[in-house]
Protein chains: 2
Amino acid sequence: MDERQVGALRFQLDLSQPIYEQIVEQMSRAILRGDIGLGEKIPSVRELAQGLRVTPNTVMHAYQEMERQGLTETRRGQGTFITSSRQRVEAFRQQEAHRVVTEFLAKMRSLGFTEAEIIEQLRSRRQEEEMQ
Amino acid sequence: MDERQVGALRFQLDLSQPIYEQIVEQMSRAILRGDIGLGEKIPSVRELAQGLRVTPNTVMHAYQEMERQGLTETRRGQGTFITSSRQRVEAFRQQEAHRVVTEFLAKMRSLGFTEAEIIEQLRSRRQEEEMQ
DNA sequence: TGAGTGTATGATAACACATAATACACTCGC
DNA sequence: GCGAGTGTATTATGTGTTATCATACACTCA
């Protein structure tokens, strides 16, 4: 759980997953939570790389992935910015939800659970967690 | 979608994922569905390797993983067998379900969905699919 | 004993990921 | 225009995972 702060952003990196994917995921979350406002500039490739003690190439990889998903816009010579389109962010959120739900349903079905049982699993899980 | 039949088992292998993981997953599913009975012998390492046109090492990797999960028992010189304990199979199913649900909830929460919204997503998805 | 099992090892290759170093192109304020 | 700060590209190197190929060993059973 190596935790590092860069500007207003906090990152937790580990070795369980590619670093560039962790950057994308945690940055996306920050955008969805509103920790970074629409149209705001995010740290430069070199700045974030230094802050995370990681190669600029790795940050670049993450930034290109975010742009591909429509979350950011890069302006050569100026920097990388969160998209100023609220619709794009919402589209991303819906698209991700769709993907996650599809994956989840496929896995649960292959384990032999019916729709009703799947929802029941979720309900009982919620109760378990409320116990604590 | 390279589909291959080995004895009573059907496998679909692709390059999107490690082969040994695909073998574990599809064999597990076959056990859960009851396509292979408890205590039954499964193809030998070499036999399955030949059937799937894959290296024996790869099949070995898959078989060792299944044994680690308590799904199979291997008897040196005799072969690999599905566990004859119904409880072990059920334990595996529950454990997998727990893991899948946990992962799913974490992802959906990180996308900013509440419990109610998550269940709503599942319901609306079911309706979408019934349309077809 | 021999055929069929699981198991182990070493060499090789391909690929993804990350690092390091360097260079180029663009933008903006001075 | 210059220089600092941007994104971007390239090359080389290293590491780990996955898979292949070949070979060998250990065990079981008819």
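Quick note on labels: first sequence line is chain A, next is B, and so on, each numbered from 1. Bear in mind that the values here come from a model prediction, so they are computed numbers and not experimental data.
Nearest nucleotide to the Thr74(A) side chain, out of dT6(D), dG6(C), dG7(D): dG7(D). Of the candidate nucleotides dA20(C), dT7(C), dA18(C), dA18(C) has the atom lying nearest to any side-chain atom of Pro18(A).
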Please walk me through it: do Thr74(A) and Tyr63(A) pass side-chain contact (heavy atoms from CB on, under 4.5 Å)? CA-CA 9 Å; Thr74(A) 72; Tyr63(A) 279 17; 5.5 Å; no
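Contact annotation: Tyr63(B) does not reach the phosphate of dG6(C) (side-chain N/O to OP1 or OP2, under 4.0 Å). Taking 4.0 angstrom as the limit, Tyr20(B) places a side-chain polar atom (N or O) nearer than this to OP1 or OP2 of dT18(D). Residue Thr80(A) places at least one side-chain N or O under 4.0 Å from the OP1 or OP2 atom of dG7(D). Side-chain N/O atoms of Thr58(A) include none lying less than 4.0 angstrom from OP1 or OP2 on dC17(C).
Both Met60(A) and Arg75(B) lie near DNA chain D, and the one whose nearest nucleotide falls closer to the 5' end is Met60(A). Toward the 5' end of DNA chain C, the nearer of the two residues Arg46(A) and Gln17(A), judged by each one's closest nucleotide, is Gln17(A). Ranked by how close their nearest DNA chain D nucleotide is to the 5' end, Gln78(A) and Gln64(A) are led by Gln78(A).
Arg125(B) and Ala97(A) get closest at one heavy-atom pair: NH2-O, 4.5 Å.
To the nearest angstrom, P of dG16(D) lies 11 Å from CG of Leu15(A). At whole-Å resolution of the value, CZ in Arg68(A) and P in dG7(D) are 19 Å apart. Rounded to an integer number of Å, the gap from Leu48(A) CG to dG5(D) P is 17 Å. In this structure, the CD1 atom of Ile23(A) is 14 Å from the C1' atom of dT19(C), given to the nearest Å. Rounded to a whole Å, the CD1 atom of Ile19(A) is 13 Å from the C1' atom of dA16(C). The separation between Phe81(A) atom CZ and dC26(C) atom C1' is 13 Å, rounded to whole Å. The CE-C1' distance, from Met66(B) to dT7(C), rounds to 15 Å in whole Å. In this structure, the CZ atom of Arg76(A) is 11 Å from the P atom of dG7(D), given to the nearest Å.
Between Arg123(A) and Glu115(B) there is no salt bridge, since none of the side-chain N atoms of the basic residue sits less than 4.0 Å from a carboxylate O of the acidic one.
Put simply, the side chain of Asn57(B) and the base of dT9(C) share a donor and an acceptor less than 3.5 Å apart.
Looking only at atom types and distance, the side chain of Gln94(B) has a donor-acceptor partner in the side chain of Glu90(B) under 3.5 Å away.
Put simply, the side chain of Gln12(B) does not reach to within 4.5 Å of the side chain of Gln22(B), judged on heavy atoms.
Within 4.0 Å of Ser44(B), counting heavy atoms only, lie sugar-phosphate atoms of the nucleic acid but no base atom.
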